[in-house]
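This report concerns only the one structure given below.
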Amino acid sequence: FNRIDISVLSVISTQLKTIQNALIHNLKRFQFEGAEIAMDSRMGIFITMNPGYAGRTELPESVKALFRPVVVIVPDLLQICEIMLFSEGFLMARVLAKKMTVLYKLAKGQLSRQYHYDFGLRALKAVLVMAGELKRGSPDLNEDVVLMRALRDMNLPKFVFEDVPLFLGLIKDLFPGLDCPRVRYPNFNDAVESVLEKNSYVMLPQQADKVVQLYETMLTRHTVMVVGPTGGGKSVVINTLARAQGKLGLPTKLYVMNPKACTVVELYGILDPVTRDWTDGLLSNIFREINKPTEKSERKYIIFDGDVDALWVENMNSVMDDNKLLTLANGERIRLQKHCALIVEVADLQYASPATVSRCGMVYVDPKNLGYGPFWQRWRNGRSNKVERDELDKLFNKYVPPSIGYILEGFVDGRAVEKLRTIIPLTNLNMVCQLCQMLNALLPPAEGGALYGPPVLESVFLSALYWSVGAGLIEDSRDKFDAFIKRIAHLPENPKDDGEGVQAGEIPVAQATVYEYYFDTDASRWVPWASVVPEYTHDHSAKYNSILVPTVDTVRSKWLLKLMTNIKHPVLFVGETGTSKTATISNFTRELDPEHNLLLNINFSSRTTSMDVQRNLEANVEKRTKDSFGPPPGKRLIVFIDDMNMPQVDTYGTQQPVALLKLLLERGGMFDRGKDLSWKYLRDIGYIAAMGKPGGGRNEVDPRFISLYSTYNITFPSQNGAEDVVQALLRRERD
């Protein structure tokens, strides 16, 4: 009740007073809000509310005075457990109930504090229901084995990597000598494995088990939160569940939306207070659509892929609990049907209230279980030549684990040193993904391309390594990283700096770092960037602010942009103010072939909303088919987003335009925001973004969004580079 706005609560108090007076005077009819209505003497008003936390208001005195407060204390869990176990058919209910409550008490005290942990009554009840089902499913099993299995299988999915052994230890102490292996669902497990195999994923037992854990959680809960930092494989787990169910004759349709890409009003709809006109919301529209009665055997899931905050998620409280009802502002009540469920895919539940956490099943997907190895294996398996695959594997094992260990953990040869610093936080998987994208751009096509010899392949790999694993490093760290790679490469160092260059199989050392070189595959040699900087020719008609004097830095940045746009992968340039990010990208986009490319510049500011971004994009695409939009056929729209981290961060840490872009980049489309509310696919669009280092008016950007880009730190030009620019501009003035 105290989720209602304070201004509305004060109005409610006068309405309640009117009803109470009518009851006291035993009236049959009475005046209410300007109309005469009938009075039913049996009516009474009961409210429930949680004490204050995010999204809750304090009740005004006028409302408090109308109600008699009743405090509801924590119930006796032991008694509830005992009664429920008896009712589920357990004979040893008293002993088992004691064990169960002790386990929950110990878990609450000993495991780490996480936002998504809940050891309350709802969590307990879900375990008891599951235990009852298992008991009826296998009546010949010992009761303590049945309960132990329910406790383990219902709780393990939500634990972080470090808490799993602790919890298993607690169970072992309470149920000594019992060891019950994970139950295998023969059909479902086989379907999961065949789906993963079909989509070329590497078969990892713990990832396949996560899909089974999600399946099991959804047997007892109709709302599940799949929680975990970027790079754990949350989306893959959800999609695999849907496909596996489809394979078993239960077609599953996913409706993906980002609840933070629009306002709460656009999500749930709004009733015009004057005209009483109802404008439907995005979620209310989808919710009504999927909950239509159906004879078919199917499943429909709404996926909320975005941050959870107290505003939008608390409106779903009545849907998430046993009521299963969505009540809209126009008085419409939609019941969640048996064939529907809600899944929230989120990085953490920092802003979720205890009321929300207790209502949902939790599955925690930990990136530590996945690591970066499977991604590399999947990419490498896509290369057709066996010899090349083996050679790439050797290079990966030689360079990548030590480099990532040095950058992220500060480990070199088994001893701890100072970690290297990246300009924005990057994960090990971000770096390996970027390495694979760089190799895609630098190597011949996977199918039927030319094959490089080992020395050339190693040089190409090194070039890709510097611009992926080492691409986000700040300037000081780049020098350390360069020295580290030269040390572990064990390649002959060549100090030549003449036209002949340094051959494949050698490492150039004439310039300060390998960042100052690129590897020319045609000539099989390392070429210094300084030798390929074109001469500045002055265009007298050009405006002063559009002049770009070519330097080592601009040429290098344009090379990176060209590589990534060729393979159609989004690029993000991060750097301090004045490192010519915008100028370089603008110059690069102007030089693209206008026959095949259209340009759209979007400048973000603190006032930018997701609606501004959507309108801008919609104005630059045209309709192709019913739900498909894009630039004119044969063309590609290159969208350049400048100052991407400038939009205002709301109270709950989300940037609305970034939430919309995340949906667009990840899912290839967005929802219409007009009357239609349908899904639109946006085809043939490339994304380039630039942003300053977080700080001041610039904000931290969601790591789940950053992981969709190849990220490069753009450093300040060297002393020589700055002098070249000044000399070129002085010559222009003189001429």
Side-chain angles (χ1 to χ4, degrees), residues 74-114 116-186 188-189 204-217 219-221 358 361-366 368-369:
V74 176
D76 182 350
L77 295 182
L78 182 62
Q79 208 174 3
I80 291 172
C81 273
E82 200 175 312
I83 294 166
M84 274 200 77
L85 284 170
F86 268 129
S87 67
E88 297 283 8
F90 284 81
L91 299 176
M92 298 162 52
R94 181 155 292 161
V95 180
L96 294 177
K98 182 75 179 152
K99 286 190 174 190
M100 192 167 173
T101 46
V102 166
L103 176 72
Y104 267 51
K105 196 174 164 190
L106 287 171
K108 205 172 188 172
Q110 294 192 13
L111 301 185
S112 63
R113 291 266 178 278
Q114 301 289 335
H116 65 275
Y117 282 4
D118 169 55
F119 298 105
L121 189 56
R122 280 197 179 101
L124 211 64
K125 184 174 172 260
V127 173
L128 293 167
V129 170
M130 179 79 161
E133 281 176 16
L134 290 174
K135 169 91 177 144
R136 289 186 290 279
S138 42
D140 48 340
L141 263 181
N142 272 350
E143 288 186 354
D144 48 0
V145 174
V146 171
L147 185 68
M148 180 202 136
R149 223 179 84 188
L151 280 167
R152 184 195 59 196
D153 294 352
M154 289 295 292
N155 283 303
L156 268 190
K158 69 181 170 199
F159 292 132
V160 298
F161 187 77
E162 291 78 8
D163 282 343
V164 171
L166 278 172
F167 184 76
L168 291 175
L170 289 176
I171 282 197
K172 223 175 207 141
D173 294 346
L174 283 166
F175 297 92
L178 286 187
D179 185 30
C180 175
R182 280 279 284 146
V183 174
R184 203 174 183 283
Y185 302 83
F188 185 72
N189 280 63
L204 290 171
Q206 61 267 43
Q207 287 303 98
D209 196 40
K210 273 290 163 208
V211 183
V212 178
Q213 286 177 2
L214 179 59
Y215 171 72
E216 286 177 332
T217 309
L219 293 175
T220 53
R221 303 280 188 124
S358 67
M362 294 289 164
V363 178
Y364 188 81
V365 184
D366 203 318
K368 288 181 188 145
N369 285 328

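Just the heavy atoms: all of them, side chains too, but no hydrogens, waters or symmetry mates, feed the values below. Along the sequence shown, residues carry numbers from 1.
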(message) Could you tell me if the side chain of Leu166 sits less than 4.5 Å from the side chain of Phe159, heavy atoms only?
(response) no

(message) With a 6.0 Å cut-off (strictly less than), is the heavy-atom count around CZ of Arg94, excluding the residue itself, greater than 12?
(response) no

(request) Look at the aromatic rings of Tyr215 and Phe188 and report parallel, tilted or perpendicular, splitting at 30° and 60°. (result) parallel

(message) Could you report the tightest heavy-atom contact between Lys135 and Gly89, atom names first, then the distance?
(response) CE-O, 3.3 Å

(request) Evaluate the side-chain proximity of Cys81 to Leu128: yes if any heavy-atom separation is below 4.5 Å, no if none is. (result) yes

(request) Describe, in one word, how the ring planes of Tyr364 and His116 are oriented to each other, choosing from parallel (under 30°), tilted (30 to 60°) and perpendicular (over 60°). (result) parallel

(message) Distance alone, cut at 3.5 Å: any donor-acceptor contact between the side chains of Ser112 and Asp163?
(response) yes

(request) For residues Ala126 and Met154, report the shortest heavy-atom separation together with the two atoms involved. (result) CB-CE, 3.8 Å

(message) Let's go through Tyr104 and Leu151 carefully: what are the C-alpha distance in whole Å and the side-chain angles of both, what is the deciding distance for side chain to side chain contact (heavy atoms under 4.5 Å, CB included) to 0.1 Å, and is it a yes or a no?
(response) CA-CA 10 Å; Tyr104 267 51; Leu151 280 167; 3.7 Å; yes

(request) Looking only at non-hydrogen atoms, find the nearest pair between Tyr117 and Val160 and report the distance. (result) OH-N, 3.0 Å

(request) Find out whether Lys210 and Gln213 are in side-chain contact, i.e. whether some heavy atom of one side chain is under 4.5 Å from a heavy atom of the other. (result) yes

(message) If I compare all heavy atoms of Cys180 with all of Met148, which pair ends up nearest, and what's the gap?
(response) N-CE, 3.9 Å

(message) Between Glu162 and Lys368, does the side chain to side chain contact (heavy atoms under 4.5 Å, CB included) criterion hold? Intermediate values first, please.
(response) CA-CA 10 Å; Glu162 291 78 8; Lys368 288 181 188 145; 2.4 Å; yes

(request) Would you name the heavy atoms of Leu174 and Lys99 that are closest together and state the gap between them? (result) O-NZ, 2.9 Å

(message) Can you give me the closest heavy-atom contact between Leu134 and Arg149, atom names plus distance?
(response) CD2-NH2, 2.6 Å

(request) Indicate yes or no: at least one non-hydrogen side-chain atom of Leu121 is less than 4.5 angstrom from one of Val74. (result) no

(message) Does Gln79 have more than 12 heavy atoms from other residues, nucleotides or ligands lying within 6.0 Å of its CD?
(response) no

